[in-house]
Amino acid sequence: MYRKPTEEWTIKDSADLYRIEEWGNGYFHIQEDGEVEVRLKRDTPESSISLLKIAQGLKDRGTKLPVLLRFSNILDDRIQHINESFASAIKEVGYEGVYRGVYPVKVNQQQQVIEEICRFGKQYHHGLETGSKAELLIAMAYVDDPEAYVICNGYKDEEYIDLALKALALGIQTILVIEMPGEAAIIVERSRALGIKPNIGIRMKPSTVAGGHWTDSGGDRSVFGLNTTQVIEVVDMLRREGILDCLKLLHYHLGSQIPNIRAIRMGATEAARFYAGLLHEGAPMGLLDIGGGLAIDYDGSHSDNSNSRNYTTIEYCTDVVEEIMTICKEERIPHPTILSESGRALVTYYSVLLLNILDTNVFWNGKGREEPIAEELLPALDNLLYVRTMLNKDTAQECLNDLNYYREEIRNKFLYGKVNMRERAAAEHLYWSIISEIYLLLRDQEHVSAHLRLVERQLSDIYYGNYSLFQSLPDVWAIDQLFPIMPIHLLDKKPDRQAILSDITCDSEGKIDRFIGRNGVENTLALHTPPQDDDYILGVFLVGAYQETLGDLHNLLGDTNVMSVTYDEEGKFKFHNELEGDTIAEVLSYVEYDTKQMEAMIRSKAEQAVQEGRITAQQRRKIISAYTAGMRGYTYYETDQEE
Ligand SMILES: *Cc1c(COP(=O)(O)O)cnc(C)c1O
């Protein structure tokens, strides 16, 4: 709760409240008029556009909320950023190798993303990392640069290996990374059969444990990669088979979103030793692939908590390059080409989800006293009313305890028939009003106590947003990921409510009650009373990585509408690549309904009703057209019906 009621509210206050400058990374700002803008080109203020204006433009075009906005300029900026950061670190420390990025397809597999990375990334020879046959098929089609690498990870069967070998014959630099001991034999066998010499990599299991959510990618128990014994077995086997000269790359992956730079440095050191070991064994090597893990500062705290990171991209690059260089010097070996598989760091800022608030459930009217209570109900409320008479600053905590006790008592009496429904309703009403008074008393204290936090949470509103947590923000549910959430307009006005968010799945798991606040994680979000006759729109930011494809069809809420916004060379904004979200018919077909058959079922039901005189033929027509229109409609809540 913001404690500055007397002075005038400015956009600066909103910026502090939502911390937008901390997590926005220069891409998101608040405009003078209180709207959030996205800056599509770095250091180019003219390339800024208000998200509300975009939403209004979409509305005029008939595209409804919720909508996912994509910004390909930002994707380009991120590709440039990581490549130039590595280039400058390399120059700075006098490293003699180069950097080659590969983007892991799984982080956001959308065609637009892959196409843009391959197109814009070509100048840096940015390649792709694949973890399955499907992803390899994507890479084969889109990578069009003999100097870009395609790193083939994941579980590999014969077909996967054959595809990678054939791609190599085609001039695409595929590298088959051995993740399981058994894969080596299949690679040997298939490359002989096809007469194509493979590029081979080995994925090692680092003993470095990264911290954060994905610690299992490192350490003895990580599911992928070879332990030291297995690495040696594979080397011996490749030597026996006469293809040790194909072993070119060492790979490791510590996990995603690594908050602490120490783990990154230790991982690089350990890997560089392994790399040197392989070179000493007689493999030609040349490539050291440090995997992903470059983290995003979601909460803007610049710390080593799991939603943040305690380093910048340039520090990341410099540390990795330095560690590798140090080991190379000690081992007297040439400097390898450094590859990294950053996914999150490339695509996180690329998309924003816009959603409208449909309704609110207000537990507290912002005042204290309730309407007068009817005379005949008063006796049942005796105890509660007594608590109120005792209430002051010093007794507030005690009164809170008593209040909860007496409410419980009344609920119990209700169960035994000793309190009737009207009495219970009056008691609940009184309870909330006294809680509000307690809140007003505690709120004015200097120190924000734990009690106040609890009361604040209890009194917070529920804002119902037009979205599905499971479809659009699965990591909030799965791993308690924090995403920045804030209104995209009205930011020159003081938010007057504290709320949690609920989605429109009828599942209490669909709520969001952890937000980025000034004191770390907060349980409520400051919001405005939604305007009477206009949409109140929230943005969920930094959702470009992992969210789109991990989403599921809980309650059959499907993909949202999507729109790309680009700032082109001529300085014009373009709306393009509009994708209509799933229709209800599409979502039903995913779960194997035959929607044609369903329509036929309704037709015959309605026909029978006409035969039996329950409805007229005209009514039948209307029922059927409503049903078929419903099938074609958006799965989300539609506020204005089209004429
Ligand atoms: C998921 C994954 C990545 C991407 O990690 P980010 O933290 O998103 O950069 C890279 N490499 C491998 C092997 C992965 O499984």
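In this chain, residues are counted from 1 in sequence order. When a ligand or atom number is given, it counts from 1 through the structure's own listing order. FYI, side chains are in, hydrogens and waters are out, and symmetry mates aren't considered; it's all heavy atoms of this structure.
Aromatic ring centres of Phe541 and Phe483: separated by at least 6.0 Å.
Close N/O approach between His251 and ligand 1 is not found [any backbone or side-chain N/O within under 3.5 Å]. Polar contact check, Ala345 against ligand 1: no nitrogen or oxygen pair lies under 3.5 Å apart. Backbone and side-chain nitrogen or oxygen atoms of Gly293 are examined, and one is located within less than 3.5 angstrom of a nitrogen or oxygen of ligand 1. Distances between N or O atoms of Glu341 and those of ligand 1 include at least one value under 3.5 Å. For ligand 1, the polar-atom distance check finds an N/O of Tyr546 within less than 3.5 Å of one of the ligand's N/O atoms. Of the polar atoms of Lys106, at least one N or O is found under 3.5 Å from an N or O of ligand 1, judged by distance alone. Looking at ligand 1, you'll find an N or O of Arg344 within less than 3.5 Å of one of its N or O atoms.
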message = If you apply the rule side chain to side chain donor-acceptor pair (under 3.5 Å), what do you find for Asp475 with Gln547, and how did you get there?
response = CA-CA 7 Å; Asp475 279 347; Gln547 302 316 294; 2.8 Å; yes

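Although no hydrogens or angles enter the test, the distance criterion places a donor-acceptor pair under 3.5 Å between the side chain of Asn310 and the main chain of Ile261.
With a 6.0 Å cutoff to the six-membered ring centre and a 45° limit on the axis angle, Arg265 does not count as a cation-pi contact of Tyr316.
Below 30°, between 30° and 60°, or above 60°: for Tyr27 and Tyr349 the angle between ring planes is between 30° and 60°, a tilted geometry.
Under a 4.0 Å N-O distance rule, the pair Arg273/Glu331 qualifies as a salt bridge.
For the ligand labelled ligand 1, residue Phe224 lies outside the 4.0 Å heavy-atom shell.
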